[in-house]
J.: 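Sending over a structure as structure tokens; questions will come in a sec.
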Amino acid sequence: MLTRIRYPGYFRYHFEFRSLRVYSSESKPPAPRPDIFWWNDAINSCFRSGQVERACQLFEEMPHKNLVTWNCMISGFVKNYKMSEAHRIFDVMPRKNAVSWSVLLTGYARCGRIEEARHLFNRIPERNVVCWNSMISGYINNGKIGKARELFDEMPVKNSVSWSIMISGYLKNRLVAEARALFDRSYLRSTSVYNALMSGYVELGCFRDAENLFHRMTEKDVITWNTMITCYSRTGRMELAECLFDKMPEKDIISSTAMIYGYLQNGNVEAARKLFKEMPNRDIVTWNTMMGGYVRNGMLEDALRLFSEMPERDVVSWNTILQGYVQQNDMVGAYCWFEKMPQVSETSWNTLISGYRSEEALVLYCRMVKEGFRPDQGTLSVVLSVCGSLVALGWGRMVHLYAIRAGYEHDTLVMSSLICLYSRCGLIHDGVQVFECLLKRDAITWNAMIATYAYHGSAIEALKLFEKMIQGGFNPDHATFLSLLLACAHKGLVDEGCWYFKSMQEDWSLVPKPEHYSCMVDLLGRSGFISQAYEFANKIPVDSQTTAWETLLSACRVHGNLEFGELAAKRVLHAQPPDGGMYTLLSNIYATKGMWENAASIRALMKDCGAKKETGCSWIEVKGEMFSFVSNDKSNHLMEEICQELDNLSIIIEGFS
DNA sequence: ATAGGGTTAG
């Protein structure tokens with residue numbers, strides 16, 4: 001039950017919204033003549049909503065300007081990525097203070113022009129703490145942690161913000177030991193310094209450290225509580241999140257949104273919906289969270305309803321719905337939606353491309369470049385994974401070259417996708433080479449390499465690499481354990497698999513997802529532990545059980561287990577639409593037991609409900625062109641030669657075995 | 001009251 005909730009963020013937003021409405025009208029400011037504060041406020045509002053021209057117009061019109069007015073102009077231009085205008089104002093302003101310098105400096109740092117920022121810093125006549133903090137933060141955001149530390153040690157007076165910046169800087173670079181050491185010798189420990197360390201721990205997956213810190217803190221503010229709630233909700237531990245949520249003295253919009261996110265992540269749509277409805281005020285992120293949850297839970301209709309109800313939408317809202325269409329495999333719908341979007345971002349393109357598992361994805365990628373968008377890490381990663389599922393090695397290598405040229409040679413996301421591509425194409429060694437050459441690694445790259453070994457049946461290599469990952473101080477996540485379980489399943493390492501399944505929960509506080517349970521069903525089923533596998537399948541939330549039952553059914557087929565085979569089949573065949581492959585499996589189980597009548601009746605049933613076994617299809621890329629083949633397909637004019645070559649290959653392969 | 005640095009939700 002929610003009691004009083006305060007939503008300061010909302011009120012601020014609402015106020016800004018009303019201000020915008022007033023200032024965006026073409027009419028002159030109302031009488032009596034507004035004072036200088038009014039003008040400055042108006043200029044800020046215009047800049048915040050991207051109305052740069054209007055802000056300049058007000059600046060020209062205002063009768064008297066003060067130092068703050070000039071600083072507002074610099075800040076406004078910086079916010080709108082207009083550095084040359086910002087610098088021009090800075091040059092011509094009659095008087096400057098520390099604010100003027102630090103605003104401009106921060107602007108340059110945010111554009112990646114860190115040298116220019118440093119040049120400005122050197123010229124500041126009287127530097128205060130904020131100037132120093134701005135420069136240090138600039139270095140950190142540009143990946144220069146060493147420079148940041150140098151300056152940090154040099155600065156004559158530090159405040160608690162300085163410590164926060166430096167500690168979270170180390171954590172952004174995964175340097176946990178350095179962050180901890182700095183925290184230990186920090187003499188100014190405000191709540192926000194604790195918060196910086198705690199949120200860094202959460203970000204890196206050091207949940208135990210975050211928890212310990214949380215319990216040690218005597219003065220907690222809203223951010224402290226929210227950070228810990230986020231930690232629990234991201235890791236699916238909703239009972240703990242609920243406990244904190246109920247206990248915290250003052251909830252805000254962020255607390256509720258974090259809870260909603262957690263509920264949705266766990267598929268608990270009802271709890272999320274309830275909380276969402278109870279919230280007296282929402283800002284736009286809350287709506288997007290709720291919508292994203294609907295989409296992830298396959299409820300596009302509900303997401304669309306919310307989309308139409310929400311008072312204001314941003315590009316994330318549009319992208320979320322786009323993701324919904326893509327997830328439902330409705331690419332016609334996705335494309336129509338994409339065309340309707342008032343504004344698209346790189347993410348929109350990436351989402352659309354990711355939906356196409358065919359050459360169309362590559363065509364779209366070309367169009368994206370042609371329309372002036374710069375492929376980012378997400379794009380390259382998506383395109384590489386499409387190449388992977390097409391086993392289009394030629395295309396993949398081309399994208400690899402582009403990635404190097406565009407400066408993504410050491411990007412962990414892009415390189416991980418490349419490793420996966422090579423893995424899909426069977427070139428494990430090429431993947432290893434990419435992995436070895438990386439300047440830095442993260443959980444994603446480790447996962448990619450572990451998955452490679454897992455998929456190729458090199459279970460021992462996968463498990464060894466996992467050990468190295470842990471020794472390197474990286475925290476495994478859901479994907480890591482999925483690969484490990486898969487590796488164990490392939491090799492029939494039942495004990496090891498069970499051990500990892502336990503460890504992921506007990507040592508790493510990860511709540512298994514349906515796919516982990518499915519993997520356990522596979523692991524146990526393949527090795528003939530059919531009844532244990534059955535128990536695992538029953539632990540999966542009903543909506544996500546189907547795959548597990550399919551897995552169990554095929555295990556029953558292998559081990560000729562009729563009793564559980566029928567049980568599993570019953571569950572699978574309830575699923576819509578009817579799946580021909582499953583009927584075939586069950587019928588085969590009957591057949592191997594000599595129960596021909598049952599087998600025949602299943603075949604008849606299959607015919608009745610119109611289920612067909614999906615036709616198998618394979619394809620190959622030759623010199624950039626894709627050729628696909630289905631059974632009994634004679635359309636390729638080289639079919640005779642192809643069959644001849646296949647015969648030759650079969651002879652060679654048999655010679656090996 | 002209006003301008004600058006850090007930590008929390010998609």
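Small disclaimer: the values here were computed from a predicted structure and weren't measured. So you know, we letter chains A, B, ... as the sequences are listed, proteins then strands, and number each from 1.
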J.: Kindly state which residues belonging to residues 334-341 of chain A come within less than 4.0 angstrom of DNA chain B, counting heavy atoms of the residue only, listed by number.
T.: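 Under 4.0 Å from DNA chain B: no residue of residues 334-341 of chain A.
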J.: Please report whether the ring centroid of A:W163 lies less than 6.0 Å from that of A:F152.
T.: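 Yes - the distance between ring centres of A:F152 and A:W163 falls below the 6.0 Å cut-off.
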J.: Would you call the rings of A:W349 and A:F373 parallel, tilted or perpendicular, where under 30° means parallel and over 60° means perpendicular?
T.: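 Rings of A:W349 and A:F373: tilted, as their planes differ by 30° to 60°.
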J.: Mind checking if A:T257 touches a base, just sugar-phosphate, or nothing, with heavy atoms under 4.0 Å?
T.: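 Base: the residue A:T257, judged by heavy atoms under 4.0 Å, touches a nucleobase.
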J.: Does any residue of residues 213-234 of chain A have a heavy atom under 4.0 Å from DNA chain B, and if so, which ones, in number order?
T.: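 Correct list: A:I223, A:N226, A:T227, A:T230, A:R234.
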J.: So which pairs with a foot in residues 171-195 of chain A pass salt bridge (Lys or Arg N to Asp or Glu O under 4.0 Å), sequence neighbours left out?
T.: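 Sorted pair list: A:R180-A:D209.
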J.: Give a yes/no on whether any side-chain N or O of A:R110 is located under 4.0 angstrom from OP1 or OP2 of B:dG5.
T.: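 Yes.
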J.: Do we see a donor-acceptor contact under 3.5 Å between the side chains of A:R296 and A:Q327?
T.: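 No, because no side-chain N or O of A:R296 sits under 3.5 Å from a partner of the opposite role on A:Q327.
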J.: Hey, do the aromatic rings of A:F338 and A:W318 have their centres closer than 6.0 Å?
T.: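 Aromatic pair excluded; centres sit 6.0 Å or further apart.
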J.: Between B:dT2 and A:D41, counting only base atoms on the nucleotide and side-chain atoms on the residue, is there a donor-acceptor pair under 3.5 Å?
T.: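 In this structure, the two groups form no donor-acceptor pair.
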J.: Contact class for A:K65 (heavy atom, under 4.0 Å): base, sugar-phosphate, or nothing?
T.: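 The answer is nothing, as A:K65 stays clear of every strand by at least 4.0 Å.
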J.: Roughly, in whole Å, what's the span from CD1 in A:I254 to C1' in B:dT7?
T.: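 Those two atoms, CD1 and C1', are 11 Å apart.
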J.: Using whole Å, what does the distance between atom C1' of nucleotide B:dA9 and atom CZ of A:F245 come to?
T.: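 Going from A:F245 (CZ) to B:dA9 (C1'), I get 12 Å.
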J.: Report yes if the distance between the aromatic ring centroids of A:F207 and A:Y232 is under 6.0 Å, otherwise no.
T.: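 They do not qualify: ring centres at least 6.0 Å apart.
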J.: Going by salt bridge (Lys or Arg N to Asp or Glu O under 4.0 Å), name the residues that satisfy it together with A:E203, two or more places apart in sequence or in a different chain.
T.: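 A:E203 satisfies salt bridge (Lys or Arg N to Asp or Glu O under 4.0 Å) with A:R234 once adjacent residues are dropped.
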J.: To the nearest angstrom, how far is A:N40 atom CG from B:dA3 atom C1'?
T.: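 Distance, rounded to whole Å: 8 Å.
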J.: Enumerate the salt bridge (Lys or Arg N to Asp or Glu O under 4.0 Å) contacts for residues 141-155 of chain A, please, sequence neighbours excluded, ordered by first and then second residue.
T.: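 For residues 141-155 of chain A, and leaving out neighbouring residues, the salt bridge (Lys or Arg N to Asp or Glu O under 4.0 Å) pairs sorted by first residue read A:R149-A:D153.
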J.: Is the centre of the A:W101 ring less than 6.0 Å from the centre of the A:F90 ring?
T.: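 They qualify: ring centres under 6.0 Å apart.
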J.: Assess, by modelled atom type and distance only, whether the side chains of A:R208 and A:N212 contain a donor and an acceptor separated by less than 3.5 Å.
T.: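 Distance-only check fails for A:R208 and A:N212.
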J.: Quick one: A:M238 CE to B:dA9 C1', roughly how many Å, whole number?
T.: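 Atom-to-atom, A:M238 to B:dA9, this comes out as 12 Å.
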J.: So if I take residues 74-97 of chain A and measure heavy-atom distances to DNA chain B, which residues fall below 4.0 Å?
T.: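 When residues 74-97 of chain A is checked for heavy atoms under 4.0 Å from DNA chain B, the hits, listed by number, are A:S75, A:K79, A:N97.
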J.: Using atom CG of A:L151 as one end and atom P of B:dG5 as the other, report the distance to the nearest whole Å.
T.: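 Atom CG in A:L151 sits about 17 Å away from atom P in B:dG5.
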J.: For a quick check of understanding: with a heavy-atom distance under 4.0 Å over all strands, which category does A:F37 fall into, base, sugar-phosphate or nothing?
T.: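 Base, at least one base atom sits under 4.0 Å.
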J.: Any chance the side chains of A:S348 and A:S345 put a donor and an acceptor closer than 3.5 Å?
T.: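 The answer is yes; a qualifying pair exists.
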J.: Does the gap between the ring centers of A:F47 and A:F77 come in under 6.0 Å?
T.: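 Yes, close enough.
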J.: Contact class for A:V316 (heavy atom, under 4.0 Å): base, sugar-phosphate, or nothing?
T.: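 Base contact.
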J.: Can you check the A:E250 CD to B:dT8 P distance for me, whole Å?
T.: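 Rounded to whole Å, this separation is 19 Å.
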J.: Categorize A:D314 for me: base, sugar-phosphate, or nothing, with a 4.0 angstrom heavy-atom threshold over every strand shown.
T.: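 Base: the residue A:D314, judged by heavy atoms under 4.0 Å, touches a nucleobase.
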J.: Which whole-number value in Å describes the distance from A:N44 CG to B:dA1 P?
T.: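 Rounded to the whole Å, the gap is 16 Å.
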J.: Whole Å only: how far is the CG atom of A:L58 from the C1' atom of B:dA3?
T.: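 Taking CG of A:L58 and C1' of B:dA3, I get 16 Å after rounding.
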J.: Determine whether any donor atom in the side chain of A:S134 lies under 3.5 Å from an acceptor atom in the base of B:dG5, or the reverse, and answer yes or no.
T.: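 A donor-acceptor contact between them is absent.
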J.: Is any N or O donor-acceptor pair between the side chain of A:N133 and the base of B:dG4 shorter than 3.5 Å?
T.: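 In this structure, the two groups form no donor-acceptor pair.
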